Amino acid sequence: MRFTICAVVSLLFSSAVHAEEISEADLLNHIKILASDDFGGRKPGTAGENKTVNYIATEWQKAGLVPATGSPSWYSPVALVERTPLKQTVELKYSDGKKTKTVRIDEDQIILRGAMPFANLTNVPVVHVGYGNLSVSEMKPAVSGKIALVNRSSLPGATDFPAYSVRKANVIAAGAAGVVTVIGSQSRFNRFARRFGTERTGLDQPEQHADVEGIISAAAADKLLSKAQIDPKQLGEDAKSKTFGPIATGISANLSIVTQVRRFVSHNVIGKLPGRKPANGAVLFLGHWDHLGECRGEGEADRICNGAVDNASGIALLIETAKRLNADRLDRTIYFLATTAEESGLLGAKAFVAESTFPLDKLVAVFNVDTIALTPNGKKIAVVGRGKTAIDDDIEKVAKAEGREIDTSDKANAFVRRQDGYVFLEKNIPTLMITSAFADQELLNAYLNGRYHDADDEVDDQLQLGGAADDSNFHVALGRYFGSLESYPTSSVPNNTGE
Ligand SMILES: [Zn+2]
């Protein structure tokens with residue numbers, strides 16, 4: 001037998017390529033544990049969090065990862081605050097020229113929450129800032145110390161305004177004591193009210209909150225304006241102008257708000273496989289570990305939302321992918337991040353990006369993994385974020401090499417803002433979420449209209465792990481492709497395209 005260099009190379013090559021594939025059983029082992037009742041639905045700040053983050057760190061350690069929090073710990077703290085409105089008294093007054101009168105507004109048409117357990121604002125003027133398009137310094141004189149009404153939904157012709165969150169942050173930065181958001185339609189208000197009126201968790205950033213924040217229905221806001229001799233229709237039109245400035249309404253408010261405020265620290269888990277040539281950028285895989293805890297009311301037999309699909313499945317992929325990539329010793333460093341509080345608004349991802357423990361501009365590619373156990377094997381893969389980064393061609397190359405077909409319909413992009421990867425995309429970091437679960441819209445919709453965010457998202461025979469195993473092996477291939485200087489030599493981070 002002739003033993004050539006070529007044969008040695010091909011032997012090495014084939015042993016790397018054919019490292020044992022990730023199987024459904026590999027994934028199921030992790031999902032069974034993470035989605036067990038013992039983990040309580042993995043709610044941040046509970047005993048279920050401790051079990052979850054501990055499990056991930058232990059598995060990653062076994063996989064050969066080392067901590068990447070900037071300290072010897074696997075856990076990066078994320079300060080959170082949970083606020084629940086308990087009680088409110090709202091008094092709105094105006095003068096008709098002769099005497100002071102009260103505007104009666106149905107109690108359920110305005111919902112307020114305090115930044116602190118008790119908020120008492122007395123005789124505070126109410127101003128309307130329209131959409132809040134002016135700069136902080138332009139708004140400040142008219143807004144500081146007042147209660148500002150801000151339009152939420154963009155009317156036709158007002159669609160190129162900055163995102164609502166940006167406009168609201170500007171009104172708060174201008175010193176508003178209260179920010180009350182006007183919600184366009186009654187049905188939309190009712191939907192917001194259900195969420196706003198119950199427990200809400202956010203990043204604990206006191207400087208980013210007004211003393212009082214809340215929502216008011218458009219009908220109630222219109223009534224208020226009419227009493228103040230302001231034509232709501234005219235104001236609606238005027239507010240479409242980018243130069244619309246705050247207007248005084250002549251109304252003043254007495255507010256007394258009681259809010260349950262609970263501060264706690266949750267954790268992101270961060271590890272890495274150090275690269276052989278780390279100066280050439282890095283790759284990041286992430287997925288959220290958290291879920292909803294007990295999501296059904298007292299008295300129900302099964303109250304725990306186990307989140308088997310959302311997102312124990314994604315964490316299982318991250319654990320198994322880490323194991324396979326450890327065997328490769330890649331050129332680039334491969335980071336792994338399990339985020340907290342995705343379910344409360346991508347909070348763990350936001351905290352990570354705000355204070356990253358490694359330079360974000362070194363990331364040549366980021367892959368978020370969320371909700372993958374929905375389809376059988378052999379299906380197409382959807383690319384959430386397709387058309388928004390400069391790495392689409394590379395993904396196609398990997399897909400071709402792996403014998404996978406990409407869904408080119410772009411339907412999955414409807415979810416781009418609803419996943420942790422969006423936080424990275426907003427920072428212009430090439431970030432995608434790639435999964436067969438989002439390629440089959442029928443199956444996806446059946447899930448979203450059924451078990452999603454309910455106690456039935458648990459390990460049973462509806463769990464489809466074929467597509468999840470496909471996705472896992474595809475992520476191993478992605479790690480190898482983007483981790484290697486040979487297949488992906490780019491040393492500078494490609495700029496994102498699109499928005
Ligand atoms: Zn979810």
Side-chain angles (χ1 to χ4, degrees), residues 27 30-31 34-37 39-46 48-49 52-53 56 78 80 82 191 194-195 198-203 266-269 285-296 302-318 337-352 367-375 382 384-385 412-425 431 433-438 440-441 443-460 462-464 467-468 471:
L27 299 173
H30 302 302
I31 297 172
L34 292 163
S36 65
D37 281 356
F39 279 52
R42 302 190 304 280
K43 189 176 163 124
T46 67
E49 158 160 0
T52 307
V53 297
I56 297 167
V78 178
L80 298 174
E82 178 192 276
R191 234 180 328 144
R194 275 197 294 277
R195 277 196 286 146
T198 55
E199 157 198 313
R200 277 277 287 263
T201 302
L203 291 174
S266 185
H267 303 85
N268 288 333
V269 192
F285 292 98
L286 77 145
H288 74 91
W289 62 254
D290 68 301
H291 198 57
L292 304 171
E294 288 183 349
C295 62
R296 278 193 188 165
D302 181 8
R303 298 184 59 195
I304 299 174
C305 272
N306 302 84
V309 173
D310 180 12
N311 182 31
S313 65
I315 294 296
L317 178 152
L318 294 180
L337 164 66
T339 57
T340 181
E342 183 270 355
E343 303 287 10
S344 304
L346 320 182
L347 301 180
K350 285 176 183 168
F352 173 81
F367 301 101
N368 183 38
V369 188
D370 193 352
T371 304
I372 60 169
L374 293 178
T375 46
V384 179
N413 269 346
F415 294 89
V416 74
R417 287 163 186 263
R418 287 176 62 179
Q419 44 98 30
D420 271 346
Y422 187 65
V423 175
F424 292 80
L425 259 186
T431 306
M433 183 165 90
I434 302 181
T435 169
S436 51
F438 283 63
D440 188 327
Q441 295 288 320
L443 277 178
L444 180 61
N445 285 331
Y447 168 73
L448 292 175
N449 296 324
R451 290 176 293 152
Y452 172 68
H453 284 191
D454 193 16
D456 296 337
D457 183 359
E458 55 196 357
V459 175
D460 61 11
Q462 283 193 53
L463 204 62
Q464 286 277 6
D471 290 349

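Quick note: residue numbers are just sequence positions, from 1. Model, not experiment: these values are computed from the prediction. Ligands are counted one by one from 1 in listed order, and the atoms in each one are counted from 1 as well.
For the Zn ion (ligand 1), the N/O/S atoms of D370 include none lying under 2.8 Å. For the Zn ion (ligand 1), the set of nearby N, O or S atoms under 2.8 Å includes one belonging to H453.
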Kindly indicate, with the supporting measurements, whether the criterion side chain to side chain donor-acceptor pair (under 3.5 Å) is fulfilled by Y422 and N368. CA-CA 9 Å; Y422 187 65; N368 183 38; over 6 Å; no
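Residue H288 forms a side chain to side chain donor-acceptor pair (under 3.5 Å) with just one option from D420, N268, T339, D370, and that option is D370.
Residues H453 and C305 are not in side-chain contact: their nearest non-hydrogen atoms beyond the backbone lie 4.5 Å or more apart.
For D310, the N, O or S atom with the smallest separation from the Zn ion (ligand 1) is OD2.
Between E458 and R303, none of the side-chain N atoms (NZ, or NE/NH1/NH2) sits under 4.0 Å from a carboxylate O, so this pair counts as no salt bridge.
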